Amino acid sequence: GIAQWGDRHWANCELARRLRPIHVSQLAAKLVIAIDGHELFRSSTRCCSDCRVRNKRVKRGGKTIYVPEYYHGIVVASWVGTHPALVLDFEPVKPGNGELSTAYRLLARLAREYGDKIGIVLADALYDCNPWRSLARKHGYKLVHAHRDTRRDPGRTALRELDARDRAREKPDLTYQDTRTGSHYAVWEQPILEGNQRYIEAIRTGKDGAVHKATIITDLPVGPANAVAAVMLYEERWSIESAFHELAGRWSFDHAFVHKGRPAAVLAFVALAILAFNAMQMYVYRYLLRQPGARRRPLSAYRADLRETMILCSRGRNRKAYAVAMAHDP
């Protein structure tokens, strides 16, 4: 698995296949991970010492009032761009802490556990800050994250320079037509001297005509990763949402079976749910010989297969038992 990933096992993964037409598939040679926060166990009545609390606006008796809402937060690191897209680690957000400060601890532990097996870290706009970039640089990781505030550097100066040469965004620096998805990319990039970073704006037009815009910051070098590649990498970040959706919808990840006054039990449930999720993915995509380069098949399809197989086996056993019973005298 992870220990052997650099030994050309990456060459046929989904991410490498997607990047191959633009000749940068080697970006998948090390783990590409996405880091994001997720809320769990929201409740207005049950809480424990590890709960975070906020005021929630509700309507009661025709009046709008504010009631406390208790919830847990976790920051998750997920391997993306291949399957099984394992959840590598998570860190609970303690009361008084935020997602970003929790992510610092998580990234430091990932560096201790996985070292240079990790190559690129993807994140949303919350992580658009110098401490996060400095920590990643310390561990030798490259970053691709959304840019949040154009009123401050590093994006402010880059945006001003980009506006000076193409304010109407009519002359993209690169264009690319993805033949697999039918999407068209137009990207503009501007170098940022501080930290050898790049400011990139992208417009992706889907096959159905839907337009998506993104603004990202990356410290990936231009040589091994052009602007289109950086945008495609950033799009892989959404794979972590698929993991959250699967966990919440199929594994009851958002339901606190044990909560009130028992923070250790809550943490144990989260760890066990993620462990079971990873084990299921490993079984499906490894034991059933679903190779990394094969087209992804959702776990729901395997669940349907398993259910049908169990029904057929059950019917077969019943018929056999009936035949055996009829062959003997009562």
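Owing to the predicted nature of the structure, the values given are computational and were not obtained by experimental measurement. This chain uses plain numbering: 1 for the first residue, then up along the sequence.
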CZ (Phe90) and CZ (Arg109) are apart, to the nearest 0.5 Å, by 8.0 Å
- Item | Carboxylate-amine/guanidinium contact Arg112 Asp89, below 4.0 Å | no
Rounding to 0.5 Å, atoms OG (Ser239) and CG (Leu122) come to a distance of 9.0 Å
Grouping ILVMFWY residues whenever side-chain heavy atoms fall under 4.5 Å, the cluster of Val53 otherwise contains Tyr70
- Task: Could you tell me whether Arg152 and Asp149 have a side-chain N and a carboxylate O separated by less than 4.0 Å?
- Result: yes
Residues passing the side chain to side chain contact (heavy atoms under 4.5 Å, CB included) test with Glu99, sequence neighbours excluded, are Asp36, Val75, Leu126, Tyr127
* **Validation row: Leu106, Thr102 side chains within 4.5 angstrom (heavy atoms)** => no
By ring-ring contact (aromatic ring centres under 6.0 Å, His included), Tyr185 pairs with (sequence neighbours left out) none
message: Please evaluate residues Tyr176 and Val187 with respect to the criterion side-chain contact (heavy atoms from CB on, under 4.5 Å), reporting the C-alpha separation (whole Å), side-chain torsions for both, the decisive distance (0.1 Å), and the verdict.
response: CA-CA 9 Å; Tyr176 173 65; Val187 297; over 6 Å; no
Residues at least two apart in sequence or cross-chain that pass salt bridge (Lys or Arg N to Asp or Glu O under 4.0 Å) with Arg180, listed by chain then number, are none
- Task: Step by step, work out the side-chain contact (heavy atoms from CB on, under 4.5 Å) result for Leu15 and Thr82.
- Result: CA-CA 6 Å; Leu15 181 58; Thr82 185; over 6 Å; no
Students should find that the hydrophobic cluster of Tyr66, defined by side-chain heavy atoms under 4.5 Å apart, otherwise consists of none
- Query: Could Arg169 and Glu201 be called an ion pair, given the rule that one side-chain N must be under 4.0 Å from one carboxylate O?
  - Reply: yes
So the salt bridge (charged side-chain N to carboxylate O under 4.0 Å, His left out) pairs with at least one residue in residues 113-132 (sequence neighbours excluded) are Asp128-Arg133
Would Lys207 and Asp178 pass as an ion pair if we require N to O under 4.0 Å? no
Using 30° and 60° as the class boundaries, would you call the ring planes of His259 and Phe41 parallel, tilted or perpendicular?
tilted
Could you please spell out the steps behind the side-chain contact (heavy atoms from CB on, under 4.5 Å) verdict for Arg198 and Leu220? CA-CA 8 Å; Arg198 291 185 285 161; Leu220 283 167; 3.9 Å; yes
Exactly one candidate in Arg54, Arg57, Arg52 meets salt bridge (Lys or Arg N to Asp or Glu O under 4.0 Å) with Glu69; the answer is Arg54
- Query: Between Lys94 and Asp50, is there a side-chain N and carboxylate O pair less than 4.0 Å apart?
  - Reply: yes
- Message: Does Arg165, at its CZ atom, have more than 12 non-hydrogen atoms belonging to other residues, nucleotides or ligands within less than 6.0 Å?
- Response: yes
CG of Leu88 to CD1 of Ile118, rounded to nearest 0.5 Å, is 6.5 Å
